[in-house]
Every structure is written in C-alpha cells, then in structure tokens.
Amino acid sequence: MKLLVPVKRVIDYNVKPRIKMDGSGVDLANVKMSMNPFDEIAVEEAIRLKEKGVATEIVVVSIGPAKAQETLRTALAMGADRAILVTTDAEVEPLAVAKLLKGIVAEENPGMVILGKQAIDDDANQTGQMLAALLGWAQGTFASKVEVAGETVNVTREVDGGLETVALKLPAIVTTDLRLNEPRYASLPNIMKAKSKPLAQKTPADYGVDVAPRLATLKVAEPAKRQAGIKVADVDALIDKLKDMGVVA
Ligand code: AMP
C-alpha cells in the first residue's frame, strides 16, 4: 500500500509569533520555519507502517513557497521515499489544499492519506476532513493508534473523556494527534541520502485548482497581557487577601 503524507511548512513551534504593526497577520520575516509538528507525527507513523511491511512507499507532499522544499527534504531524511512540491506563494486555505490533494490522490492512488490534525499556524483543523468529503472516503481524525488489518484500518481516536476506536474501510483518511508516536530525528547519513531522493515540482494549475482565498482576515491581535501577581507571606495572609478581594467569605 502506498501512503500519502501532506506536510506543511509553518512557523517553528518554539518561536513566539510577532504580530505585524498593521494587525494584518503574523510577521514571518527572519523567523525560523519548520515542519508542522502533527505532520512530523504523520511521517513517523507512515515510516512505522512501512517498517512493519504494511506500506510499500511513502510519498510526501507540500503546498507552499519554494522553501517548502526544506520541509520535504526533512521528511525524506526521516524515511519518506519521494516528494511532491506544489509551488505557490499565495496563502493557501484548507479547501484549496484539499482540492490539490484530491488531484494528487487521483494520480498516486494511495491506500491511505495521513495528515496532521491541524496546522499550528492557521489552527484550522479542516484539511483532512475536507479531503475525506471531496474523495467520499472514510476518515479517522485525532488518531492515537493506527492498525491496518487487511482491507480495514482501525483508528483509536482521542475524544472528550476517553478513547474511541473506529474501523475504516480502505482507502481512508487519518489525521494524527499528539500521542500517536514520538517522531524520530533524521541521522546525518539519512540527511545526506535525502538530497538525492526524487522531488517533483508542480503548480496549482497542473491540478486545475484555483487557490484564490475565500476568506479575508479582518484583524490579528496579541492575546491580552497577563496581570502581574503578588506575593503573600503565609497562608493566613493569603486568606485575608482573598477575603479583601471578596473571593472567599
Ligand atoms: P489545517 O486544516 O490547515 O489545520 O491542516 C491540517 C493538516 O493538513 C496539516 O497538518 C497538514 O497535514 C495538511 N496541510 C494543510 N496545509 C498544507 C499545505 N499547505 N501543504 C501540505 N499539507 C498541508
């Protein structure tokens, strides 16, 4: 079975985002960018399925600027086999990403598409669900365990208050949650090897997809600043303070 894994280049999760002066978005100038953390988990899961002999080939795909090549090379260094970059400098919304992925699925015929549950830049949590709808495929979102058994994949999902396991008929869509696995680091020899793995370059026009935005961002604002706290000497002083503030009687 072939696996398709979409990986997005996003602002690194360790970086504190700076809002542009005009409030139109996040300032990405000179900011460290990395693979979306949930997509690293998706790549890792695909590699584990290949190591188990369930998957035969892993194709990673990214939609974004030319620099997204670096993200794809990281996935290749982790263990993916080949990559597709759909180059665009536009900010591509989840619906357009899902339409492009649908075009790639038609060409590649994967048995499963494993996506992150959400991209940490737009926090949309939409692409996997939209792709499942466009393809008419089953979907298992927020996966914390993935087990392929013949023509079925059993996905354990993190739901409010517990775990739910669903059986999906293949081909299917899976989106990864944080506890699915711990992604590996690429070794230096594998980073070197990844440089010569195939990377195909495409454009949205190759798939006949119009990536023009359907949404307009009205305003992006910093979260409210937290008020400074105060120190009290002991528990009695704390209780007095809380009484003064009317928190306790
Ligand atoms: P979102 O719906 O934007 O929160 O993204 C969910 C998942 O869709 C991500 O974790 C990726 O697996 C995939 N995805 C979204 N945007 C892109 C993109 N531009 N290129 C590749 N994959 C993407």
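Both ligands and their constituent atoms are indexed starting at 1 by order of listing. As the structure is a computational prediction, the values presented were derived from the model and not from experiment.
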Could you tell me whether Thr127 approaches ligand 1 through its side chain, its backbone, both or neither, with non-hydrogen atoms closer than 4.0 Å? both
Distance-only side-chain donor-acceptor flag, Asp123 / Gln118, under 3.5 Å: yes
Would you say Lys117 and ligand 1 have an N/O pair spaced under 3.5 Å apart? no
How far is atom 18 (C) of ligand 1 from its nearest protein heavy atom, and which residue and atom name does that atom have? Ile63 O, 3.6 Å
Give the residue, atom name and distance (to 0.1 Å) of the protein heavy atom nearest atom 13 (C) of ligand 1. Leu115 CD2, 3.9 Å
Please state which protein non-hydrogen atom is closest to atom 10 (O) of ligand 1 and give its distance, to 0.1 Å? Asp39 OD1, 2.5 Å
Assess, by modelled atom type and distance only, whether the side chains of Thr156 and Thr165 contain a donor and an acceptor separated by less than 3.5 Å. yes
Atom 7 (C) of ligand 1: closest protein heavy atom, distance to 0.1 Å, is Gly116 O, 3.3 Å
Mode of Asn125 contact toward ligand 1 - side chain, backbone, both, neither (heavy atoms, under 4.0 Å): backbone
Enumerated ligand 1 atoms positioned under 4.0 Å from heavy atoms of Val61: 21 (C)
Can you find an N/O atom of Pro6 closer than 3.5 Å to an N/O atom of ligand 1? yes
Against heavy atoms of Ala119, which atoms of ligand 1 measure under 4.0 Å? 1 (P), 3 (O), 4 (O), 5 (O), 6 (C)
Sub-3.5 Å N/O-N/O distance, Val97 and ligand 1: no
